[in-house]
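For reference, the structure is listed below as structure tokens.
Here the structure is a predicted model, which means the values were calculated and not measured. Throughout, protein chains are lettered first and strands after them, A, B, ... in sequence-line order, and every chain is numbered starting at 1.
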Number of protein chains: 2
Amino acid sequence: MQPTGNPNVSRETIICTVDVVLLSLKDAALHVALLRREHEPFAGALALPGGYVRADEDEDTESAAARILFEKTAIVSPYLEQLATFSGRARDPRGWSISVAYYALVPASLLELEHHPEIQLLAVDPLKGLPFDHRDIVQAAVARVRSKSSYSSLPVFLCGEQFTLPQLQAVYEALLGESINKVSFRRKMDELDILEPVQGARETGRANRPAQLYRLKQAYRKLLSTTDRAINPD
Amino acid sequence: MQPTGNPNVSRETIICTVDVVLLSLKDAALHVALLRREHEPFAGALALPGGYVRADEDEDTESAAARILFEKTAIVSPYLEQLATFSGRARDPRGWSISVAYYALVPASLLELEHHPEIQLLAVDPLKGLPFDHRDIVQAAVARVRSKSSYSSLPVFLCGEQFTLPQLQAVYEALLGESINKVSFRRKMDELDILEPVQGARETGRANRPAQLYRLKQAYRKLLSTTDRAINPD
DNA sequence: CTAATAGTGTCTCTAAGACATTATGTG
DNA sequence: CACATAATGTCTTAGAGACACTATTAG
């Protein structure tokens with residue numbers, strides 16, 4: 001955004017891309033959605049869904065991320081947020097590049113394999129063998145989600161539309177890696193004031209008292225609450 | 001980062017820039033450093049220091065930010081962190097652009113006007129009249145700094161190399177906009193364990209008990225501690 | 001009935017804030 | 001000495017965790 005020099009002067013091209021870290025919870029562990037690359041570089045390798053920013057059709061990089069995610073996985077994520085920008089000469093063999101990374105959270109039900117056979121879910125914990133700097137990007141996304149989880153309602157986006165409080169607590173515990181005091185958890189959820197019981201809806205079928213089903217209040221369906229210190233581990 | 005299409009296909013150019021939000025504390029209020037633009041667009045207007053990313057000389061966008069900040073203000077900031085990336089067609093009249101924004105914190109002493117006559121310090125509170133989307137960028141930086149201040153040692157970068165605890169507390173209070181309990185503040189600083197007293201150094205000259213001078217411990221000189229819930233307002 | 005988990009009441013304990021007291025400089 | 005602010009000791013209070021007890025289903 002500066003005037004020094006002539007913008008039309010010939011310079012080395014900068015490659016502008018976006019990458020999307022699509023996260024979901026499977027078997028109580030965070031997994032990232034990867035796709036097999038069809039073209040060079042790294043053809044055949046599993047990598048984050050990503051692509052070039054198209055100045056002629058994308059409004060900004062966020063819409064580019066949403067477009068690419070949809071084109072490649074047919075998924076529209078209810079939660080998509082900018083993570084950070086990764087740049088430099090070394091990260092892409094094609095040349096000096098910028099990748100604006102986004103992360104998305106979706107419930108596992110959205111990733112049913114029969115509907116998305118092209119998606120490979122890989123646990124984020126021992127993550128290795130990714131091309132480019134995709135490992136760094138995924139780790140940054142995981143760190144962000146874990147960090148935000150302790151003081152926000154982010155994890156609800158990993159649940160389906162309706163869920164019980166014990167289910168939601170299990171999601172928080174999976175993200176934070178620690179067990180949470182049940183009473184404290186419910187107190188915090190009550191304070192956050194973002195959930196509403198689904199009248200008459202209970203989780204039935206098991207040999208115990210059925211749990212009340214909840215859902216995000218309408219006002220928060222597409223929004224994230226960031227009330228401070230909402231959830232704390234034991 | 002995707003292979004669909006040919007990277008050599010002719011596309012609308014994307015302008016790659018960085019902008020730096022240089023923040024400092026003056027008269028107990030956050031101020032941002034602005035420069036008068038020499039060239040179009042918005043020649044003559046006060047704007048953030050920024051410039052084109054140079055693939056031929058910058059290692060990544062962070063070094064580009066450091067380079068541009070130094071070229072334009074001769075300042076090397078001890079704290080420089082990526083803020084977010086702003087993009088789209090509308091933000092720059094020259095065309096579809098990406099700006100990777102960084103923010104820096106420096107003590108007011110570094111901005112002595114006699115050494116940096118080109119810098120205009122503007123209070124961030126009623127901020128208006130900035131070109132591009134620089135107002136959004138500054139507001140994002142201010143929000144980030146205020147948010148991080150409540151649980152980290154970030155504000156020490158707004159102090160000089162040595163400072164007293166009452167001075168540091170005043171900085172936290174200016175950032176958070178609330179007064180802090182003195183005992184709690186000192187307890188937290190003690191827990192953070194990032195400061196060390198400068199032996200024998202006291203702030204003298206006033207008609208009261210002199211305050212002990214402190215400095216960041218060596219290990220943190222260039223680092224940020226992010227211990228959770230470090231500082232809380234009253 | 002028992003088994004199992006949901007949901008809640010309440011006590012304890014930790015940590016933050018309020019307040020008072022002591023410490024140490026200047027004039 | 002008075003006065004001002006630094007630094008610290010300690011009491012009060014709010015909030016988080018532990019734990020126990022009640023509620024409600026299946027079988």
Name the pairs: protein N/O against N/O of nucleotides 8-14 of chain C, kept only if under 3.5 Å.
none

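- Put simply, CZ on B:Phe163 is 15 Å from P on D:dA6, counting in whole angstrom units.
- Nearest nucleotide to the side chain of B:Ala211, out of C:dA16, D:dA16, D:dA6: D:dA6.
- Within 6.0 Å of CD on B:Glu59 lie no more than 12 heavy atoms contributed by other residues, nucleotides or ligands.
- Ion pairing of B:Glu118 with B:Arg36 is absent here, as no side-chain N (NZ or NE/NH1/NH2) approaches a carboxylate O to less than 4.0 Å.
- Atom CZ in A:Arg206 sits roughly 11 Å away from atom P in C:dG7 (whole-Å rounding).
- Other residues, nucleotides and ligands contribute over 12 non-hydrogen atoms within 6.0 Å of the CD atom of A:Gln162.
- Here the P atom of nucleotide C:dT5 and the CD atom of A:Gln169 are 14 Å apart, to the nearest Å.
- A:Leu105 places none of its side-chain heavy atoms less than 4.5 Å from the side chain of A:Glu81.
- Of the candidates B:Gln167, B:Gln212, B:Arg209, B:Glu203 forms a side chain to side chain donor-acceptor pair (under 3.5 Å) with just one, namely B:Gln167.
- Checking the phosphate oxygens (OP1, OP2) of D:dT24, no side-chain nitrogen or oxygen of A:Asn208 falls inside 4.0 Å.
- To the nearest angstrom, P of D:dA7 lies 12 Å from CG of B:Leu168.
- Counting to the nearest Å, the C1' atom of D:dG17 and the CG atom of A:Leu176 are 16 Å from each other.
- DNA chain C is contacted by both A:Arg202 and A:Ala207; A:Ala207 maps to the nucleotide lying nearer its 5′ end (nearest heavy atom per residue).
- Residue B:Met189 contributes atom CE, which lies 13 Å from atom P of C:dA16 at whole-angstrom precision.
- For D:dA18, one of the phosphate oxygens OP1 or OP2 lies less than 4.0 angstrom from a side-chain nitrogen or oxygen of A:Asn181.
- Atom CD of B:Glu161 has 12 or fewer neighbouring heavy atoms from other residues, nucleotides or ligands inside a 6.0 Å radius.
- The residue A:Glu203 sits apart from the nucleic acid: no heavy atom pair falls under 4.0 Å.
- Not a single side chain to side chain donor-acceptor pair (under 3.5 Å) links B:Arg186 to another residue, sequence neighbours left out.
- Counting to the nearest Å, the P atom of C:dA15 and the CD1 atom of B:Ile180 are 19 Å from each other.
- For the pair B:Glu173 CD and C:dG17 P, the interatomic distance rounds to 12 Å; values are reported in whole Å.
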